[in-house]
Novice: 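Questions regarding the structure given below will be posed in turn.
Chain naming here is simple, since letters A, B, ... match the order of the sequence lines and numbering starts at 1 in each.
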Amino acid sequence: NAGVTQTPKFQVLKTGQSMTLQCAQDMNHNSMYWYRQDPGMGLRLIYYSASEGTTDKGEVPNGYNVSRLNKREFSLRLESAAPSQTSVYFCASRVGQSLGYTFGSGTRLTVV
Amino acid sequence: RKEVEQDPGPFNVPEGATVAFNCTYSNSASQSFFWYRQDCRKEPKLLMSVYSSGNEDGRFTAQLNRASQYISLLIRDSKLSDSATYLCVVNDDAGGTSYGKLTFGQGTILTVHP
């Protein structure tokens with residue numbers, strides 16, 4: 001019953017460092033998503049992948065890149081981290097339009 | 001105008017109270033609607049979908065008014081364990097075979113006290 005697995009759970013980066021947030025789902029879902037959640041801002045979509053082989057920008061894509069490695073995995077990369085990217089990052093997946101998301105447990109990222 | 005707007009609260013109610021949350025959305029082409037629950041420092045979890053005819057799940061009742069672009073959630077007989085943030089969520093109309101993406105309201109904070 002793993003569902004959506006995100007790694008790491010916590011990370012501290014220095015400004016300018018790079019890192020990749022990993023996400024994998026074992027539910028055979030087609031669509032996968034990356035959101036960030038900030039106080040007072042709610043959940044905002046960074047990138048999404050409607051199906052394997054496709055990716056699209058969301059509301060706040062600047063400073064991020066993504067890779068849909070296969071149907072299971074969807075990674076989010078920060079090439080040069082900035083303090084404004086301090087946030088909680090959630091990966092999610094979905095099987096159908098009438099159904100909601102299943103979320104991972106989140107990655108708490110601090111950029112100093 | 002935000003795509004999905006909620007009263008952020010906080011709502012502080014005693015156990016056993018009935019509480020209602022409201023939400024409005026701006027995209028008239030939105031097709032699917034949900035309420036999520038998020039506990040402190042946890043991921044959001046699906047509470048219930050919202051159907052045009054209204055639907056109920058135990059103590060929870062969801063209503064949708066497409067003409068007014070309005071969604072509501074009613075919680076009856078509140079429990080301490082209902083304390084959480086409740087997120088109103090709307091599915092954008094993506095067209096074609098894409099599932100589109102979900103847009104989240106900022107959430108309404110509920111605290112149920114003894």
Novice: Between B/Glu43 and A/Gln6, does any side-chain donor sit less than 3.5 Å from a side-chain acceptor?
Specialist: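 No, no side-chain donor-acceptor pair sits under 3.5 Å.
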Novice: Tell me if the NZ atom of B/Lys45 is crowded by more than 12 foreign heavy atoms within 6.0 Å.
Specialist: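 Not more than 12 within 6.0 Å, no.
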Novice: For the CE atom on A/Met27, are there more than 12 heavy atoms of other groups (residues, nucleotides or ligands in this structure) within a distance under 6.0 Å?
Specialist: yes
Novice: Which bit of A/Leu45 comes within less than 4.5 Å of chain B, counting heavy atoms only: side chain, backbone, both or neither?
Specialist: side chain
Novice: Determine whether B/Gln38 and A/Phe90 make a side-chain contact, defined as any pair of heavy atoms from C-beta on separated by less than 4.5 Å.
Specialist: yes
Novice: Are B/Phe60 and B/Leu110 grouped together when hydrophobic residues (ILVMFWY) are joined by side-chain heavy atoms under 4.5 angstrom apart?
Specialist: yes
Novice: Please identify which of these residues, A/Tyr33, A/Tyr48, A/Tyr35, meets the side chain to side chain contact (heavy atoms under 4.5 Å, CB included) condition with B/Leu102.
Specialist: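 Answer to the side chain to side chain contact (heavy atoms under 4.5 Å, CB included) test with B/Leu102 among A/Tyr33, A/Tyr48, A/Tyr35: A/Tyr35.
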Novice: For B/Phe33, is it the side chain, the backbone, both or neither that has a heavy atom under 4.5 Å from a heavy atom of chain A?
Specialist: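 For B/Phe33, neither part sits under 4.5 Å from chain A.
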Novice: Looking only at heavy atoms, which of residues 61-70 of chain A get nearer than 4.5 Å to chain B?
Specialist: none
Novice: Same cluster for B/Phe11 and B/Ile109 if Ile/Leu/Val/Met/Phe/Trp/Tyr side chains link at under 4.5 Å?
Specialist: no
Novice: Would you mind checking which part of A/Gln37 comes under 4.5 Å of any heavy atom in chain B, side chain (CB onward), backbone (N, CA, C, O), both or neither?
Specialist: side chain
Novice: For the residue pair A/Tyr101 and B/Phe34, establish whether any side-chain heavy-atom pair is separated by less than 4.5 Å.
Specialist: no
Novice: Looking at A/Ala92, A/Ser105, A/Ser51, which makes the most heavy-atom pairs under 4.5 Å with chain B?
Specialist: A/Ser105
Novice: Should B/Val13 and B/Leu73 be regarded as members of a common hydrophobic cluster, given that ILVMFWY residues are connected when their side-chain heavy atoms come within less than 4.5 Å of each other, either directly or indirectly?
Specialist: yes
Novice: So if you build clusters from Ile, Leu, Val, Met, Phe, Trp, Tyr with side-chain heavy-atom gaps below 4.5 Å, do A/Leu109 and A/Val4 land together?
Specialist: no
Novice: Given the rule that I, L, V, M, F, W and Y join up when any side-chain heavy atoms are under 4.5 Å apart, are A/Leu76 and A/Val88 in one cluster?
Specialist: no
Novice: What part of A/Arg108 is in contact with chain B, defined as an atom under 4.5 angstrom from a non-hydrogen atom: side chain, backbone, both or neither?
Specialist: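 When you check distances to chain B, only side chain atoms of A/Arg108 fall under 4.5 Å.
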